[in-house]
Structures are given as structure tokens and as C-alpha cells.
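Input: a single structure, listed below in C-alpha cells.
Computed over heavy atoms, backbone and side chain alike; hydrogens, waters and symmetry mates excluded.
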Amino acid sequence: MSGAAWHARVACGPEVGAGFLVSGRRLLTCAHVVRWSRDAAVTVSFPGRRELGELSATVAVHGGWRGGAADPGDLAVLELEREVPLAPAVFAPPGAERTAPVPELVAYGFPKGYDEGMLASYRAVPGPLISNEWVQLEALTGHGQPLAAGFSGAAVTLADGTVVGMVSAVAGARDVRVGRMLPVEVMARYWPELGELVPTPGHRSDARRRLYALVRRAEETGLVCDPNRLYVSAMDDFAPPPPDGGFASLREAAAYVQWEVPEPDAVARFADRLEERLEGSRPASPRPARWSPIVVEIDHSGAGADQVTVEVSAYRDGRRRPVGSRRMARGAVRSFVQERIDEAFTHLDPGAEELITFVLPREWLNEPIAHWACSEDDPTPLGCAYPLVVTDRHRHRSGRLRHQLRKRWRKLGVSTGETLHRVDCGTRERPAGLRRRLRDDAELAGFAAAPPEAREHFEVGLNLPVPVLLWPRVGCPGDGHDGACSGTAFLDRLAVSVAGVPPSDLPRLVMELRETADAADAPDEHWARDVQLLWDDPRCFAEPAAPLNSPVG
């Protein structure tokens, strides 16, 4: 007991349970242990330090438990009348209780007749959380102390004494060998301050400590800061969205980053944004859009050179929702796509940032898709109405390239802009040399000529996991032309336009460039009129692309 004097006995009216110290003045227990706290005193004692006597306590935080055996939120934070000279409990990483080989777990409770306490030995049952709330516990043997009344609120510990959870449901008369516990990650859901104490795999301890130190500083200084906006500004495109209803406090937002955002640098980025606000820096810039794609897939049908299969889908909540699929003559594609894109919008979340993505055979990549009208009644070019990108069908289905592209985009994170790797008109660089140049770190590649005029070099970019390719769909005829090179001018203007723009936000930038060109006095002469953007982030498409059904047997 000398090293674990933080175990506590909690009494409130007719209830007796356990608890454990987490700071000099606060301890955790079950909400049902102190259910009578409005009418009865709450007293706490520490069997390992009897000289401290009984201390009165108040309920500082209630997890929301409503009284039923299966109700969630059975957690309460008690605040003692004074600090106690005891080292608090230390927490294990989440999930340590279910890591193979499944370890022995020990709980210290206070069943009837044992005011000094008893130990119970159990193990966690591997598998999912019950109702996303509890871990099931089973006795290691058929004899010994069961998790009877008096164990509610007890810390569940590993052999080294670190805490993995809290006993919340104890054995009934019919089955005395099972129980339930709230794991640490669920406890933190109801008391966000617990996040500061729990090591989280994937996030550095120093970053976590810095974050919560900044949160405390913000609380102490009364910083006026919208935690929802702060979260959005700090996260990348594919972090989980804020929970329904948003965050009620900075501390809730910090805990959400710690527990729900797996990206390793997320905690540090959120801390950086908060520190900027505390230091009076300019507000963080808005985060790039969280894209919700509408995908148009076109492929050869196998039924003839003029026959293609077209499938339109919409993505919502990371899942693909088919809208329509049909085999048709190539000349009928545009009208079918116009109708189905309009229908696809009904499948998107109302607040979604739409992204029109055309998945095309390689020989279609230079088609003027962005110039197609929105509909027969609306002549606005699709590429001016919405962010619109193309991608190569082979890239979209290649497991190797999808894996490599995911790594590239993860590395990009919330980059504020990457260097444009130029492939100039008439370049003497051999394709093998370009492959070597682009292979390791190129994120944006710009071509001075369209794919038909620079086929070998263009295919190098397609067959490597370069996330973004840009080129002028028409203009420079390639090598051997006279006069000024429009392709070189295109790359010069493009390099200026993309400077400082996160790659994840390039679809919006290109839409704005197309709008500017379309509104110019001489649209055909504007350098960006025919810019084509191949933008390829597999994280936008949580499910594998569904194969197009060929009508040919």
C-alpha cells in the first residue's frame, strides 16, 4: 500500500464504494456511489494513510448518469475539503488492458464487512466496447473475491500499478464472476481534464503537456476564443469534424484532438494555434476545405470504340453513394453527366464543400471537361461553378499508387505551399531523369505543354505518386515552334499563383483562376483559360472505387 495510497473509500448515505486520487484534491468515483449527495454527506478515507482520517468532499463534476444500470456517464469527480499529501494515481495508455497477452487486472474495493478493503483479480474480455462505453471484466478463477458491491469506483490497475479504468458495474446475485469497467478513454469523454493525465499513443507527451498548460493559461486569463473555430483552423482536411453541437470549451476541444485525431502532429498544431491567440497574434488562417466529392467515372465499355460506361457517385460521411450508371455512345456523355451531377448534389451533406472529380481513361485527360455547361439551362462552365479536377483511371485503381499517394498527402499535412517542379517546353531532360527528379519529394508538377505534345514526360508524372499535376490544355504545340513560348509563360504565371497555397486547397484556387479567365475581356487570351488540374488525394475516397459494370459478358 505504500506506493498506492491513492486508493480511497467513498461513502455517501447508504452507498459505499471506492475511488482514486488524481490530484492533490480531486478523485474519481462512480456517479451512482454518490447518488445521494444532495441529501447526504460525502466522506472519503484512505486506507493506506489512516492518519488522514475522514475528509468531506463535494461533487465537482457529474458524468450525466441518470440512474439506470445501463445508463452511460457513470462517473463523478469529487473535490476534497483540503489537499492531501499523497501522490496521485498514474494512468496507462488507452487499451493497455486488452493488449495481448491479456494482462491480469486488480481492483481495490470495499465490500461489506471489509472497511480496510479487498483485492479482486480479473481480466478484460478482448473485443469492442459494450455500447461504446464499457469493457467487460471476467474473473481469472472460480474462487476469490468477486466484484461485489463496494467495488464501484475502484481503479482497475495493471501489475505495475498504472490505471486502465474504473469499475462501474459490479456482480449481481446470479453471476458473481463478471463486471464492467469504464476504460480511461471513455472516462475522459465525461471529464476532459483527464486527458492531461493519460498518455495517448501517437501523440508526444511533451506536446500533450504543453497543450494543457496553454489551456490552463487560457482559462486563467479568461481568453475569449471560439474552440470550434480554433479546432477547424488547426486541423488538416481529413481530421474528424467537430462533434454534433460543437465544443463547449477549449478543454473539450483539446481532449477531442488528443483522443479523436490520430495524426501525430495534431496536438502540437492545436497548441500552436492556441498560443498564437494567447500571444495576441493574428487569428489563424482558415483551414482548407474538407472536400465531399462527386465522382464521374468514365471507361471503355468493351462494346465498341464509340461506347463508354459512365458512373456517377456522391460521397457523404466517407461513403460512396451511387447515383447512376449507364453504357452510351461517347457523344451522349455530356448530357448524362450534367443530369447526374445535379442529382448527386442531393446526396451531399448540406454544409459540404463539393468537389467534382472526373476519373478518366488516360487519353481523355485533356478533354475540355471544365468548359462543359452546368446544364442545358445554365451555360456556366462546370469549372467556374465548382472546384473541378481530373484524375487518371489507372492511378485511381492502382493499389500501389494509392498507398504511395496516401503517404505523400499525409506528409503534406497543412503545408502552406510546395515548390512547383517545372517540365518546360522542349525540355532535353530524359524521362528517366524526370522520374528521378519527381520520385522522392515532388508534390506539384507543372507541364508547359499538353499531354499529347509531352506524352513521355507526362506519363512519368502519372506513373509516380505526384499528388498534383497542372498543364495548359491547349496552347504550346511542344518542341520546334517559332516565337514566344506560351507554355513557358503559363508556368511562370502558374508558379506565382500557387505560391503559398496549400496543395489541399488547389481545386478552389484553380476554380478562381478559371472564373477570372472567363470574366476577362478576351477570355481566349487569358493564360489560365485552359488550365487542367489533376489532383489526387485518396483520403477523399474512404471506400475503394466501385468497378464499373461492363455490359459485355
In plain terms, say whether [X] and [Y] are close enough for a salt bridge, that is, a side-chain N and a carboxylate O under 4.0 Å apart.
X	Y	answer
Arg402	Asp536	yes
Glu196	Arg208	no
Arg273	Glu279	no
Glu79	Arg26	yes
Arg98	Glu185	yes
Arg269	Glu263	yes
Arg123	Glu138	yes
Glu133	Arg180	no

Heavy-atom side-chain proximity of [X] to [Y] below 4.5 angstrom:
X	Y	value
Ser45	Leu55	no
Pro240	Val261	yes
Tyr315	Ile294	no
Trp535	Pro387	no
Arg395	Leu405	yes
Cys12	Val33	no
Val267	Arg209	no
Tyr122	Leu140	no

Just one of Leu182, Val22, Val163 clears the side-chain contact (heavy atoms from CB on, under 4.5 Å) bar with Met187, so which one?
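Testing Met187 for a side-chain contact (heavy atoms from CB on, under 4.5 Å) against Leu182, Val22, Val163 leaves exactly one candidate, Leu182.
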Name all residues meeting the salt bridge (Lys or Arg N to Asp or Glu O under 4.0 Å) criterion together with Glu116; count only those two or more places apart in sequence or in a different chain, and write none if there are none.
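With neighbours one apart ignored, the set is empty.
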Quick check, are the ring centers of Trp409 and Trp291 under 6.0 angstrom apart?
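No; Trp291 has its ring centre 6.0 Å or more from that of Trp409.
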Are the ring centres of Phe20 and His7 closer than 6.0 Å?
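No, too far apart.
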Can you name the closest pair of heavy atoms from Leu348 and Pro293 and give their distance?
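Closest approach of Leu348 to Pro293: CD2-O, 4.3 Å.
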Just do the salt bridge (charged side-chain N to carboxylate O under 4.0 Å, His left out) check on Arg66 and Asp71 with the steps written out, would you?
CA-CA 6 Å; Arg66 296 184 177 181; Asp71 286 346; over 6 Å; no
Check against salt bridge (charged side-chain N to carboxylate O under 4.0 Å, His left out), Asp272 and Arg210
CA-CA 10 Å; Asp272 289 343; Arg210 173 176 169 252; 2.8 Å; yes
Can you list the steps and then say if Arg49 with Glu51 is a salt bridge (charged side-chain N to carboxylate O under 4.0 Å, His left out)?
CA-CA 5 Å; Arg49 292 288 299 274; Glu51 69 275 15; 2.3 Å; yes
Relative to each other, are the rings of Phe345 and Tyr386 parallel, tilted or perpendicular (30° and 60° limits)?
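Tilted, since the angle between the ring planes falls between 30° and 60°.
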Students often mix this up, so state it plainly: with edges at 30° and 60°, are the rings of Tyr231 and Phe270 parallel, tilted or perpendicular?
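Tilted: the ring planes of Tyr231 and Phe270 meet at 30° to 60°.
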Exactly one of Gln258, Arg251, Arg217 should register a side chain to side chain donor-acceptor pair (under 3.5 Å) with Tyr212. Which one does?
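Going through Gln258, Arg251, Arg217 one by one, the side chain to side chain donor-acceptor pair (under 3.5 Å) with Tyr212 is satisfied by Gln258 alone.
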